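Report on one structure; see the data block that follows.
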Amino acid sequence: MKYVIMLIFMLFIFEGIGQAIFHNDVYDARKQEELSAFQEYAIPPNSIEVGDDSYEKFKTIAIIKKYQVTQSQEELEKYYEEKMTLSGWEKIENKEGVHYRKDDFAIFIEYRMPIVEVCLLYIGDDKGM
């Protein structure tokens with residue numbers, strides 16, 4: 001029984017949960033970066049937040065919010081295109097829609113007019129943590 005408990009403890013330490021606990025300060029700093037990037041780039045202009053599906057699990061934070069907007073989809077697409085590319089974000093288009101990437105972050109934008117859902121995710125690696 002003692003060896004089973006020790007094995008479970010070792011798995012806990014070497015898996016994500018243990019790493020998240022031992023590197024909590026690093027993950028907290030990353031979460032703050034994500035929140036700042038979301039506030040600066042993801043929120044549509046002149047919008048009202050109508051939903052929040054954000055979640056946090058061990059090493060992962062996903063900021064997912066819905067906004068009611070008054071602009072047209074075309075106006076918002078132009079807004080994001082200008083704002084993001086001028087700030088160094090790369091525009092990626094695929095069958096799921098449009099998203100932008102910069103460094104270790106990705107912002108996904110989904111238009112369901114008059115609702116826009118935006119999601120910011122960390123897409124970098126954990127650098128050995």
Side-chain angles (χ1 to χ4, degrees):
M1 183 65 173
K2 179 170 103 175
Y3 294 110
V4 172
I5 293 172
M6 186 173 248
L7 178 62
I8 291 170
F9 178 75
M10 296 291 282
L11 288 172
F12 174 82
I13 295 298
F14 293 111
E15 291 298 316
I17 298 170
Q19 295 300 323
I21 291 170
F22 289 121
H23 298 286
N24 191 47
D25 57 333
V26 174
Y27 294 113
D28 282 343
R30 186 171 79 196
K31 289 173 191 175
Q32 288 306 311
E33 283 183 69
E34 288 182 61
L35 290 168
S36 293
F38 188 88
Q39 289 292 324
E40 186 170 347
Y41 298 106
I43 300 173
N46 305 315
S47 61
I48 299 170
E49 184 177 325
V50 294
D52 187 344
D53 295 325
S54 302
Y55 63 89
E56 189 174 329
K57 292 182 182 179
F58 307 116
K59 300 187 288 185
T60 303
I61 180 173
I63 304 170
I64 308 165
K65 295 190 178 198
K66 295 177 184 158
Y67 295 90
Q68 185 166 355
V69 297
T70 56
Q71 304 90 334
S72 69
Q73 181 171 335
E74 294 78 21
E75 290 172 313
L76 288 170
E77 287 172 347
K78 182 179 179 186
Y79 165 82
Y80 279 116
E81 174 89 23
E82 290 174 2
K83 180 173 184 131
M84 303 300 271
T85 55
L86 288 174
S87 299
W89 291 76
E90 176 187 10
K91 182 179 181 180
I92 310 289
E93 294 185 58
N94 55 39
K95 63 183 177 185
E96 286 83 36
V98 174
H99 68 276
Y100 294 88
R101 290 184 185 178
K102 182 177 181 183
D103 301 326
D104 292 330
F105 299 117
I107 293 178
F108 299 85
I109 304 163
E110 191 170 316
Y111 301 97
R112 296 185 198 142
M113 305 310 284
I115 303 297
V116 174
E117 182 175 275
V118 289
C119 172
L120 184 134
L121 297 173
Y122 178 83
I123 57 170
D125 70 28
D126 285 329
K127 299 173 182 78
M129 291 182 270

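Nothing here was measured: the structure is a model prediction, and the numbers come from that model.
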Practice problem: First locate atom NZ of K91, then atom OH of Y100, and finally report the distance between them rounded to the nearest 0.5 Å. | Solution: 4.5 Å

Quiz prompt | F108/L121 under side chain to side chain contact (heavy atoms under 4.5 Å, CB included): CA gap, chis, key distance, verdict | solution = CA-CA 8 Å; F108 299 85; L121 297 173; 3.8 Å; yes

Quiz item: Do K83 and W89 come within less than 4.5 Å of each other through their side chains, counting heavy atoms only?
Solution: no

Exercise. Kindly say whether P45 contributes a backbone atom to a donor-acceptor pair with the side chain of Q71 at under 3.5 angstrom?
Key: yes

Quiz item: How about I107 and Y41: do any of their side-chain heavy atoms sit closer than 4.5 Å?
Solution: yes

Quiz item: Do the side chain of Y80 and the main chain of A42 share a donor and acceptor less than 3.5 angstrom apart?
Solution: yes

Exercise. Working to the nearest 0.5 Å, report the span between SG of C119 and CZ of F38.
Key: 8.0 Å

Quiz item: If every non-hydrogen atom of V98 is compared with every non-hydrogen atom of E93, which pair is closest and at what distance?
Solution: CG2-CG, 3.9 Å

Quiz prompt | Inter-residue atom distance R30.CZ - L35.CG, 0.5 Å rounding | solution = 12.0 Å

Self-check item: K102 with E90: basic N within carboxylate O range, under 4.0 Å
Solution: no

Exercise. For the pair K66 (side chain) and V118 (backbone), establish whether a donor and an acceptor sit closer than 3.5 Å, ignoring hydrogens and angles.
Key: no

Quiz item: Looking at residues at least two apart in the chain, or sitting in another chain, which of them share a side chain to side chain contact (heavy atoms under 4.5 Å, CB included) with Q39?
Solution: I43

Quiz prompt | Derivation of the salt bridge (Lys or Arg N to Asp or Glu O under 4.0 Å) call for K31 and E33 | solution = CA-CA 5 Å; K31 289 173 191 175; E33 283 183 69; over 6 Å; no

Self-check item: Under 3.5 Å donor-acceptor, E75 side chain and S72 backbone
Solution: yes

Self-check item: Residue pair V116 / I109, side-chain heavy-atom distance below 4.5 Å
Solution: yes

Self-check item: Apart from Y55 itself, residues in the same hydrophobic cluster as defined by side-chain heavy atoms under 4.5 Å
Solution: I64

Quiz item: So do the side chains of I48 and Y67 get within less than 4.5 Å of each other, counting heavy atoms only?
Solution: no

Practice problem: Output the distance between atom CG (L86) and atom CD (E81), rounded to the nearest 0.5 Å. | Solution: 9.5 Å

Self-check item: Rounded distance (nearest 0.5 Å) linking atom CG of D52 with atom NZ of K65
Solution: 4.5 Å

Quiz prompt | Shared hydrophobic cluster, Y111 / L120 (ILVMFWY, side-chain heavy atoms < 4.5 Å) | solution = yes

Quiz item: Under 3.5 Å, is there a donor-acceptor pair between the side chain of S47 and the main chain of P44?
Solution: yes

Quiz item: Atom CD1 in I92, atom NE2 in H99: separation rounded to 0.5 Å?
Solution: 5.0 Å

